[in-house]
Amino acid sequence: MPEGPSIVILKEELKPFKGKKVLEVSGDTSVQIDDLVNMKVHDFRTWGKHFLICFKNFFFRIHFLLWGTYRINERKDATPRLSLRFKNGEVNFYTCSIRRIEGSPDDFYDWESDVMADEWNAAKAEKKLKEMKKVNVSDALLNQEIFSGVGNIIKNEVLFRIKIHPESSTGALPKRKLKEMIKEARNYSFDFYTWKKAFELKKNWLIYKKKKCPRCNIPSEKGYIGKTKRLTFFCNNCQALFG
DNA sequence: CCGGTTGTTCAGCG
DNA sequence: GCGCTGAACAACCG
């Protein structure tokens, strides 16, 4: 589930429970949940890969990491980390990281760095990137303080689409190329969202997990690139190396 | 059946 | 204190 667009889809799927009263709660999370019964969920929000369940004076931050899953009106054959039952259904979260935080998400999150948010601020991303010249472009795209919500798949596809080699350094990109990278990080995230909802995400991958470059048909390369060392697929012929 | 991973945090080291 | 490395987490697919 992990990349930002998938978390937005989860938020939409849970809309029927927004404003509803919790009738029953359980789960093996270590955070306090025993006071939720009879409390109303004020809102479900997202910030990048963070899924937020908001109550009046506090919220839960759920992070799915690599293996987290959820079921709505269904159960898996495993103990949920958190389960919430409402009059009109239930939601179950598995193998995720949960934190309970006092206050409002507005006190903690900068919505302008979330690539899926209405508040997304491309100019702010550009400013942050200009301050980190030596950073590799693959690492820059995975930096959640700049591109909150971007994950490894989006990173691969963005770099291929805009023809930038994943070993490039951010500071070596011409201004036009840097702006293109920022624009495409958001743009591809919305394509990811649309394709995921249509169950055709994998079908639309151009380079991620591909053996050949779809543009020039030569074998694609792969490597564990940058400080983040995440598996990266690319075309040595089509993607230009800067720096 | 083993290898790999849509991710993050933290301990331990030099 | 810093940057770097690798472990931990413990599911699921092919």
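In what follows, chains carry the letters A, B, and so on, assigned in the order in which the sequence lines appear, proteins first and then strands, with residues in each chain numbered from 1.
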Which string of ( ) [ ] | and . matches DNA chain C, if you list each base 5' to 3' and count Watson-Crick or G-U pairs only when both distances are under 3.5 Å? .||||||||.||||

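Between A:W195 and A:Y188, the ring-plane angle classifies as perpendicular under the 30° and 60° cut-offs.
Side-chain atoms of A:E119 and A:N121 include no donor-acceptor pair closer than 3.5 Å.
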Tell me, with the steps shown, if A:H50 and A:Y109 meet side chain to side chain contact (heavy atoms under 4.5 Å, CB included). CA-CA 10 Å; A:H50 296 203; A:Y109 291 106; 2.8 Å; yes

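Here the P atom of nucleotide B:dT9 and the CD1 atom of A:I98 are 15 Å apart, to the nearest Å. As rounded to whole Å, 10 Å separates atom P of B:dG7 from atom CD1 of A:I7. For the pair A:K49 NZ and B:dT9 C1', the interatomic distance rounds to 14 Å; values are reported in whole Å. If you measure from atom CZ of A:F64 to atom P of B:dG7, you get 13 Å, rounded to the nearest angstrom. Atom-to-atom, CG of A:N143 to P of B:dT8 comes out at 10 Å; the value is rounded to the nearest Å.
Within the 4.5 Å cutoff, the side chain of A:V22 has heavy atoms near those of the A:F55 side chain. Between A:F17 and A:N88, some side-chain heavy-atom pair lies under the 4.5 Å cut-off. Looking only at side-chain heavy atoms (C-beta outward), A:M181 and A:V137 come within less than 4.5 Å of each other.
Side chain of A:Q144, nearest nucleotide from B:dT8, B:dT9, B:dG4: B:dT8.
For the side chain to side chain donor-acceptor pair (under 3.5 Å) test, residues two or more places apart in sequence or in another chain that qualify with A:E13 are A:Y70. Residues passing the salt bridge (Lys or Arg N to Asp or Glu O under 4.0 Å) test with A:K197 are A:E12, sequence neighbours excluded. Under the rule for a ring pair (Phe, Tyr, Trp, His ring centres under 6.0 Å), the partners of A:F234 that lie at least two apart in sequence or sit in another chain are A:H165.
Contacts of A:K202 with the nucleic acid, taken as non-hydrogen atoms under 4.0 Å apart, are absent.
Using a 4.0 Å cut-off, some side-chain N or O of A:R230 falls inside it from OP1 or OP2 of B:dG7. A sub-4.0 Å separation between OP1 or OP2 of C:dG3 and a side-chain N or O of A:K227 is absent. Distances shown here put a side-chain N or O of A:Y224 below 4.0 Å from the OP1 or OP2 atom of B:dT5.
Shown here is A:E200, whose CD atom has more than 12 heavy atoms of other residues, nucleotides or ligands within 6.0 Å.
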Table of protein N/O atoms under 3.5 Å from nucleotides 8-11 of chain C N/O atoms:
| residue | atom | partner | partner atom | Å |
| --- | --- | --- | --- | --- |
| C:dA11 | N1 | A:W67 | NE1 | 2.9 |
| C:dA11 | N3 | A:W67 | NE1 | 3.0 |

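On the P atoms, C:dA10 is 23 Å away from B:dC1, given to the nearest whole Å.
A:R161 pairs with exactly one of A:E184, A:E180, A:Q239 by the side-chain hydrogen bond (donor to acceptor under 3.5 Å, both in side chains) rule, that one being A:E184.
For the segment residues 149-163 of chain A, residues with any heavy atom less than 4.0 angstrom from an atom of DNA chain B are, sorted by number, A:G151, A:N152, A:I153.
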